[in-house]
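A short write-up of the structure that comes next.
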There are 2 protein chains.
Amino acid sequence: MVTKTTLRPDPTAGVRGRGDAFDPECPTRVVLDRIGDKWTALVIGALSGGVLRFSELRAAVGGVAPKVLTQTLRALERDGLVTRTVRAQVPPRVDYELTDLGRSLGAPIATLTDWAETHVADILAARDRFEAATGRP
Amino acid sequence: MVTKTTLRPDPTAGVRGRGDAFDPECPTRVVLDRIGDKWTALVIGALSGGVLRFSELRAAVGGVAPKVLTQTLRALERDGLVTRTVRAQVPPRVDYELTDLGRSLGAPIATLTDWAETHVADILAARDRFEAATGRP
DNA sequence: CAGAATCCGTAATGATACTG
DNA sequence: CAGTATCATTACGGATTCTG
């Protein structure tokens, strides 16, 4: 059960930008803002198998623009979930690896993934029913 | 651990819109796309305490524009996570309640929430260190 | 190879005003 | 009360091009 202690709306509720209409340090918000985006979960999944370099990550994740992959990795690095190691070589080689913190995120994601695997059919069925009943997507 | 079976990138990887650069039915994507947005997790959290009407939900969540709350609730209804019950009264009264499916989502979210509670300090600390070291937010 | 720089389209969110 | 309609803003993701 989700309590208001951990999913707390910001009591000051003023005028602000996207993604910060909450207590900026609401733990669940911080985590959802990180793994809720388009590529982060996929990148963590890929890196859970071990060290990968930039191009390997691109291939593993499939179809990410380099700019976006860089953004994703920078955010993960910034949050202490991934380490970035530049090897002094020609051609350049940069390795990415999950930190202990990053690896520990695997468990909660797996729980979510398991729920998703089990119940996605129900969601899609409900979606179809809703569309059939209302005519709206 | 996150496997490619459940977090699968779309092998066809063509040109498409936001949020569908994956197998459209990748379970984890479906779930993250739902709870990853700004208000859904908060709404589920509020409803986990029991039935609420529109205005109560607004107050509980704090600072949502009515339009956005409606969008959020419609999406939850469409996906079979919430029921919407209109009472024939004056003034109007509409009750929102979690379905069994919606309630079952509480567990995975709680796991994520627990992880967040435990590790958010590490993330924020890493963020501060990164900013101090690089000068960039 | 690993990115940085630039430009762009779309979608998510919000403010405000109005209605059944 | 419970929305809907409209408009504005912004951020996210992507395509393309260029560089150490």
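Just so it is clear: chains get the letters A, B, ... in the order the sequence lines come, proteins before strands, and each one is counted from 1. In this text, all values refer to a predicted model and were calculated from it rather than measured experimentally.
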Per [X] side chain, nearest of listed nucleotides [options]:
X	options	answer
A:Ser55	D:dA2, C:dC1, C:dG3	C:dC1
B:Pro92	D:dC1, D:dG3, D:dG14	D:dC1
B:Lys38	C:dC1, D:dA2, C:dT13	C:dT13
B:Lys67	D:dG14, D:dC7, D:dA2	D:dC7
B:Thr70	D:dG13, C:dG3, D:dT4	D:dT4
A:Asp37	D:dG3, C:dT13, D:dG13	D:dG13

Rounded to whole Å, please give me the gap between [atom1] in [X] and [atom2] in [N].
X	N	atom1	atom2	value
B:Leu52	D:dC1	CG	C1'	15 Å
A:Arg58	C:dA2	CZ	P	10 Å
A:Tyr96	C:dA2	OH	C1'	8 Å
A:Glu77	C:dA2	CD	P	15 Å
A:Leu42	D:dC12	CG	P	18 Å
A:Leu57	C:dC1	CG	P	15 Å
B:Glu56	D:dG3	CD	P	13 Å
B:Leu73	D:dA2	CG	P	11 Å

Residue met sooner reading DNA chain D from 5', once B:Val94 and A:Pro66 are mapped to nucleotides: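 The residue whose closest nucleotide sits nearer the 5' end is B:Val94.
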Side-chain donor/acceptor of B:Trp115 to backbone N/O of A:Ser104, under 3.5 Å: yes
Backbone N/O of B:Leu98 and side chain of B:Arg103: donor-acceptor pair under 3.5 Å: yes
Smallest separation among heavy atoms of A:Pro92 and A:Arg53, with atom names: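 Minimum heavy-atom separation between A:Pro92 and A:Arg53: O-NH2, 3.4 Å.
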N or O in side chain of B:Arg53 less than 4.0 angstrom from D:dA2 OP1/OP2: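 Affirmative; the distance criterion is met.
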Distance below 4.0 Å between B:Arg84 side-chain N/O and D:dG3 OP1 or OP2: yes
Residue among B:Val43, B:Leu52, B:Leu47 satisfying side-chain contact (heavy atoms from CB on, under 4.5 Å) with B:Tyr96: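 Only match with B:Tyr96 under side-chain contact (heavy atoms from CB on, under 4.5 Å): B:Leu47.
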Residue that, paired with A:Pro108, satisfies side-chain contact (heavy atoms from CB on, under 4.5 Å) out of B:Thr111, B:Asp114, B:Thr118, B:Thr113: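 Of the listed options, the one satisfying the test is B:Thr111.
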Sugar-phosphate only, base, or nothing, as touched by B:Arg74 at under 4.0 Å among non-hydrogen atoms: sugar-phosphate
Sugar-phosphate, base or nothing in reach of B:Arg87, heavy atoms under 4.0 Å: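 It contacts nothing in the nucleic acid.
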